[in-house]
Structures are given as structure tokens and as C-alpha cells.
Visitor: 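The following block contains the structure, expressed as C-alpha cells.
The sequence lines fix the lettering, A, B, ..., with proteins before strands; numbering per chain opens at 1. Only this structure's heavy atoms are used, side chains among them; waters, hydrogens and symmetry mates stay out.
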2 protein chains.
Amino acid sequence: MQEFFVTVDLVVLTIREGRLEVLVVERKYPPFEGSWALPGGYVGPEEDLRDAAYRELSEETSIGAGVYLEQLGSYGAPWRDPRGRTVTIAWLALVPGMAEPTAGTDASDAAWRSVADFESGALPLAFDHGEILTDGIERARAKLEYSPLAAAFCPPEFTVGQLRAIYEAVWGTELDPRNFHRKVTRSPGFLEPTGRTSNVDGGRPAQLFTRGTLDVLNPPITRAGQL
Amino acid sequence: MQEFFVTVDLVVLTIREGRLEVLVVERKYPPFEGSWALPGGYVGPEEDLRDAAYRELSEETSIGAGVYLEQLGSYGAPWRDPRGRTVTIAWLALVPGMAEPTAGTDASDAAWRSVADFESGALPLAFDHGEILTDGIERARAKLEYSPLAAAFCPPEFTVGQLRAIYEAVWGTELDPRNFHRKVTRSPGFLEPTGRTSNVDGGRPAQLFTRGTLDVLNPPITRAGQL
DNA sequence: ACAATAGTGTCTCTAAGACATTATTTT
DNA sequence: AAAATAATGTCTTAGAGACACTATTGT
């Protein structure tokens, strides 16, 4: 009965300057020395999988509790790691835009890179991390449709305009501000008004909201068929 | 660096006599001797995860190629298996109703049991397989909404009535036959008419269809708000 | 004839998409 | 004043849900 190494790898996405970005680390030792890879590491002897993912996330960013973290899937092709038979459990984390990566404690320098660069081929990744990242991006894009998850990219209080910017960055589309406003404000439980306002973007001050308690958006926000 | 055992476990669902059923095996050795469990087993030294899942499925049922098989998730709580630190990759398989379980080649007797029994607590499962099955059932229910996956439960040619019975069995609801007919026949790519008809259920002969090429149903079939 | 199931059509209502208009701020 | 963004309202249309009605079989 074969024994395996088990790791967790993280697809950490954020929005910075209106772009969807991913956290990558530079590998300092072989294999793939000098390449970019997803952050991750070995699961501890008595550590739960989610705890391992959360620990790796804490080590690479300044992100604390309350981060959105969901399991993405497992990858275990026989030769995916030349050091030995390794199965990795990939996790998807969505973090607010102001999160800063931590300079590498464990043999890595972490940096935000744009997802557009990855998708154009300008950011090759070590191991099968390209496949994992592709799956993570698609998961995030799909989830925005039927869940209020976009708020996970936002600070605790945010405006409808900021929320719309999240959708536009993740989907790479433009959404009608008026229809979007109607949709999210009239979906009960999506947003909770705080009564406060913000005017950081110029123009009329916008109402500030916090995340509501809704967890499934029905009917969904569709990304097909709008320009 | 800890080494782990890695297994695959299968949530195999089917529809028999209008009921949603799950394939379970009786454990013949400790731990959990005599209990029911999900079918599964160890991943081979040079075996891909999907191949391992497919191999276990073939060993337990008469199902051949073309079965729908998707990864459900990984479960790796430290003490989930008393024999040692084990991570399992769970897979969801949907098989047509006539599939028969194979009497246990590897220390198990396989049987179909109704999901209703499981959900009422009448079918306790070994290890954390109850949690895995709960997740698998929910995944199947959710996927029927926005994918043409229900056809995976059907024989190669089927009627709209048979397809509707799948939805009703999986969701435990009743659907309006006329609205359902309109929905599935007017979703381009969902169904391909064969020109043939069937009248096994009495009444007017029904058109036979095969699965179409569609893979995402937009707009979805909703399970909320209909009786 | 009657029961059963298949299939079509019609009506209402919700919500998406397109877009006009007003409101409130900064420059 | 002009530009920018927020917020509300109107119109059209697609599609869900409810349900009447016709079609074609077996008993």
C-alpha cells in the first residue's frame, strides 16, 4: 500500500487597481527553481486539510480571520512532482484588495500578478499549477453568478459601485450600473445598508453596505449576454 | 514530512423505481466491520486519481465506459481512519437505473439503498462517509439545475417523462409535466430527437431523445418555488 | 368509454436588459 | 459650469408558473 505526500496549494485571488490578480511565489530551490508557483506546502501530521490551507495563507499574506476559503479540488497525477508521489488539495481564497503579500519566510517571495498575464501565457507556473489556477479562476467566475461572494473581495464596508467593479474585473465585462444597482439592492439579504456614505470616487456620495446573510442568489446575476 | 494513505471513495447514485438510491458496501473486516460504507479503495502507486475512481466503480458495478464521474472533494480529518492518516478523494458517479451491483470481489457486498433512508438516519455509514454522501447528494441536486446531467441517469434513449421522473426523484418534488416539457424541448442542445417513439408507460407514445451536446443550461431549471 | 400519458397553447407575472432622468458631489 | 458618480424610474421582452385543451395509446 503506497504512501503519498500530501500538500495544500492555494489559489489566492484579489482585485487591485481594477484588475483580477493572483498570489504567486518564486521558488528558491529545485524543482522548478526560479519559476513562479502557487503558494502551498505540506500538510502536518495531525493537521486538518482546511487548517493547513489556512496556515499557508496566513504565512504568505497579512490576511487574518474571516477570509473566504473553499476547497477547489485535488490533483494527483502520478508524475506531477518529481520528488515523489504527491497529491495536492487545492483551495480557493478570495481576499480584499488591500492585502499585502509577506516576504518569504519559507523560501519564497510572494507577489501579486495579474490573471490576464497568466491567461495570455506570460506567467507560466511550476508543476501543474497552471491547471489548478485555471480551475480556480473559472470557479471564482462561476460563483459570482449565483452567490454574494464578490463581497469577499471588498473591505467590510463598500459601495455598490465598488461591488460592480469586482464583477467587471473578475468577468472582464462591463455591467450597466443602473441595472446592477437594482439587482443587488433588491435581492433580499445580499447587502445590508449601514446608513453611512462614502465619496472616495468623486461624484455623488454612495451608500455604504456590509455583506448580508444571503448565501445563494436566486435568480443569479448572469454574465452571458450583456455588454 | 509525514506520509499519508490516499484512497478514493465513490458516491454512486442511481434512480430505481422512482427513488434516488446510493451504492453501499458492507464492510467485512475491521474497522467498522459489519457497517455500511461507500465503495472505495487505495490509489495505486502509479495510478491517476480519476483512474482509481473509475477502477473502483467498475469493480462494484456492471457499469462500463461513458459513466458520468466528477470529483466531489477531499476529506482528510486527522483521525478519520483509525488505521492511519488517510486522505480520501471522493467522486460522484451518476449511473442509469438498470445497473446492478457486483457481489463483492474485494471483501464487500454491494447493494443499492434509498437515499431517503440515509437522510432519515436509518442508514448510518462508516468513517466520515455520511458527510461525504451528504455532500454528494447536494452536489447532484444542485447540478440538475444548471446542467443537462439528469440524462446521465437515463438509458441511451429516453422520453421527456422519464427525464422528468429523474428530476422528481432527485429533488423530491413534483414538476408540472407541461412546463417541464416546454423547458427541456426548447433548450437548444439539451435533447436530440431520434424520431422513434416509446409507449412503455401506457398512454400516448412518447418521443425518444438522446442527450444533446449542451453542457450548461442557461437559464437553469429551478427547484425553488414550484410545487 | 375511460384512464393514462404526451404534447400544444394561453395567460399572468417577474425580472432582465436598454436607456432617460434626477441627485449630489468634486474640480 | 462641467464632469463624475449615485440612485430612481420607464419600457420592452424573455421566460417561469399555472392551467385549459387536444392527441394517442391501452384496458
Visitor: Specify the residue among A:Arg182 and B:Leu208 whose closest nucleotide of DNA chain C lies further upstream toward the 5′ end.
Guide: B:Leu208
Visitor: D:dT8, OP1 or OP2 - any side-chain N/O from A:Thr185 closer than 4.0 Å?
Guide: no
Visitor: Where the side chain of B:Thr222 is defined as all heavy atoms beyond and including C-beta, which of D:dA16, C:dA18, D:dA7 is the nearest nucleotide?
Guide: D:dA16
Visitor: Counting side-chain heavy atoms from C-beta on, which of C:dG7, C:dA15, C:dT10 comes nearest to A:Pro219?
Guide: C:dA15
Visitor: Do A:Ser114 and A:Arg19 have side chains that get closer than 4.5 Å, going by heavy atoms?
Guide: yes
Visitor: Given atom NZ of A:Lys183 and atom P of D:dA7, what is their separation to the nearest angstrom?
Guide: 18 Å
Visitor: Give me the ring orientation class for B:Tyr146 and A:Tyr146: parallel if the planes are under 30° apart, tilted from 30 to 60°, perpendicular past 60°.
Guide: parallel
Visitor: Show the numbers, then the answer: is there a side chain to side chain contact (heavy atoms under 4.5 Å, CB included) between B:Val22 and B:Ile137?
Guide: CA-CA 9 Å; B:Val22 59; B:Ile137 294 164; over 6 Å; no
Visitor: Can you tell me the distance, in whole Å, between the CG atom of A:Leu191 and the P atom of D:dA7?
Guide: 11 Å
Visitor: Return the CD to CH2 distance between B:Gln71 and B:Trp91, rounded to the nearest 0.5 Å.
Guide: 4.5 Å
Visitor: Is the backbone N or O of A:Pro96 less than 3.5 Å from a side-chain atom of A:Thr14, with the two atoms forming a donor-acceptor pair by type?
Guide: yes
Visitor: What pairs of nitrogen or oxygen atoms, one from the protein and one from nucleotides 1-5 of chain D, lie under 3.5 Å apart?
Guide:
residue	atom	partner	partner atom	Å
D:dT5	O2	A:Arg204	N	3.1

Visitor: Rounded off to whole Å, could you give me the CG-to-P distance for the B:Asp176 and D:dA20 pair?
Guide: 11 Å
Visitor: NE2 of B:His181 versus P of D:dA16: gap in Å, rounded?
Guide: 15 Å
Visitor: Check the distance between C:dG17's C1' and A:Ile221's CD1 and give it to me in whole angstrom.
Guide: 14 Å
Visitor: Can you tell me how far C1' of C:dG7 sits from CZ of B:Arg186, to the nearest Å?
Guide: 10 Å
Visitor: When only distance counts, do a donor and an acceptor, one from the side chain of B:Arg178 and one from the base of D:dG17, lie under 3.5 Å apart?
Guide: no
Visitor: Whether the side chain of A:Thr88 engages the backbone of A:Ala90 through a donor-acceptor N/O pair (distance < 3.5 Å, no angle test) should be reported.
Guide: no
Visitor: Rounded to whole angstroms, how far apart are CD on B:Glu145 and P on D:dA16?
Guide: 12 Å
Visitor: Hey, is the main chain of B:Arg141 close enough, under 3.5 Å, to the side chain of B:Trp171 for a donor-acceptor pair?
Guide: yes
Visitor: Atom CZ of B:Phe209 to atom P of C:dA6: distance rounded to whole Å?
Guide: 11 Å
